[in-house]
Structure formats: C-alpha cells, structure tokens
Amino acid sequence: NIWAITGNPVEQTGLETFRGHQVGNNNVIGVEQGFMDTATVLQDGNNNVALLYQLGGGPSSANITQIGNNYSEVYQY
C-alpha cells in the first residue's frame, strides 16, 4: 500500500505535472497518478525507494532516476 509505505504520497488527479528531487540517503517517495499525469523524480543518494501507482483511465507517465548505491528500488503498482 503506497499510503502505508510513504505516509503521504504525491497525488495527481488528472492532467497534472510533478517534478521532485531528493538529495541524501534513505529517501522514500510515492506518486499516485490518475488520468494523463506526468511525473519526474530524481533521487540522489543511497538506499532510496520510489513507488509509482498508476490508476489507469488514460496514458500517465513517469521518469524515475536514481543515483546512488545500496538497494535503490522502484516499485510500480
């Protein structure tokens, strides 16, 4: 569950653009997309986690870049 893991994910409800940049270690970000949303996430550091949940109903897209070491992970639901 994206809410349980991230606490407060970015919510996109339609035709929205999100850009996020996290610097440091142990970063966690969650993005929940609705309809035709775009997201760009950059995590720079070690032990980062990015979660992406696309609800469907239209072509949403995300670009997630992680720079660092040790268990950098991306989950798409």
Side-chain angles (χ1 to χ4, degrees):
N1 181 313
I2 195 169
W3 290 91
I5 295 169
T6 64
N8 190 17
V10 174
E11 290 184 82
Q12 297 178 294
T13 58
L15 300 171
E16 296 179 345
T17 299
F18 170 75
R19 297 185 198 289
H21 184 187
Q22 295 177 310
V23 178
N25 299 325
N26 304 306
N27 292 308
V28 177
I29 191 165
V31 178
E32 181 178 290
Q33 295 182 321
F35 176 74
M36 295 183 69
D37 296 313
T38 58
T40 302
V41 174
L42 171 60
Q43 293 178 314
D44 189 351
N46 299 321
N47 305 313
N48 294 317
V49 176
L51 294 99
L52 173 64
Y53 183 63
Q54 294 174 318
L55 298 173
S60 291
S61 64
N63 182 5
I64 300 171
T65 303
Q66 294 177 313
I67 302 168
N69 299 306
N70 302 327
Y71 310 107
S72 294
E73 300 179 34
V74 176
Y75 298 98
Q76 182 174 354
Y77 295 94

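The chain is numbered in sequence order, starting from 1. Just so you know, these numbers use all the heavy atoms, side chains as well, and skip hydrogens, waters and symmetry mates.
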- Task: Given side-chain contact (heavy atoms from CB on, under 4.5 Å), test Gln43 with Ile29 step by step and report yes or no.
- Result: CA-CA 9 Å; Gln43 293 178 314; Ile29 191 165; 3.5 Å; yes
Could you walk me through whether Asn63 and Thr38 satisfy the side-chain contact (heavy atoms from CB on, under 4.5 Å) test, starting with their C-alpha distance in whole Å, then the side-chain angles of each, then the deciding distance to 0.1 Å, before giving a yes or no? CA-CA 8 Å; Asn63 182 5; Thr38 58; over 6 Å; no
* To do: Share the residues that join Met36 in a hydrophobic cluster, the rule being Ile, Leu, Val, Met, Phe, Trp or Tyr side chains under 4.5 Å apart at the heavy-atom level.
  =>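 ILVMFWY cluster around Met36 also holds Leu15, Phe35.
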Nearest heavy atoms of [X] and [Y], plus distance in Å:
X: Gly34; Y: Ser60; result: O-OG, 3.4 Å
X: Gln12; Y: Val31; result: OE1-CG1, 3.6 Å
X: Gln33; Y: Ser61; result: NE2-O, 2.9 Å

Taking atom [atom1] of [X] and atom [atom2] of [Y], what is their separation to the nearest 0.5 Å?
X: Thr65; Y: Asn48; atom1: OG1; atom2: CG; value: 12.0 Å
X: Leu42; Y: Gln66; atom1: CG; atom2: CD; value: 9.5 Å
X: Asp44; Y: Ile67; atom1: CG; atom2: CD1; value: 4.5 Å

Where the side chain of Asn25 meets the backbone of Asn46, is there a donor-acceptor pair that is under 3.5 Å apart?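 Pair found, side chain donor or acceptor close to backbone of Asn46.
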query = When Glu32 is tested against each of Thr13, Leu52, Leu55, Val10 for side chain to side chain contact (heavy atoms under 4.5 Å, CB included), which residue passes?
reply =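 When Thr13, Leu52, Leu55, Val10 are each tested with Glu32, the side chain to side chain contact (heavy atoms under 4.5 Å, CB included) holds only for Leu55.
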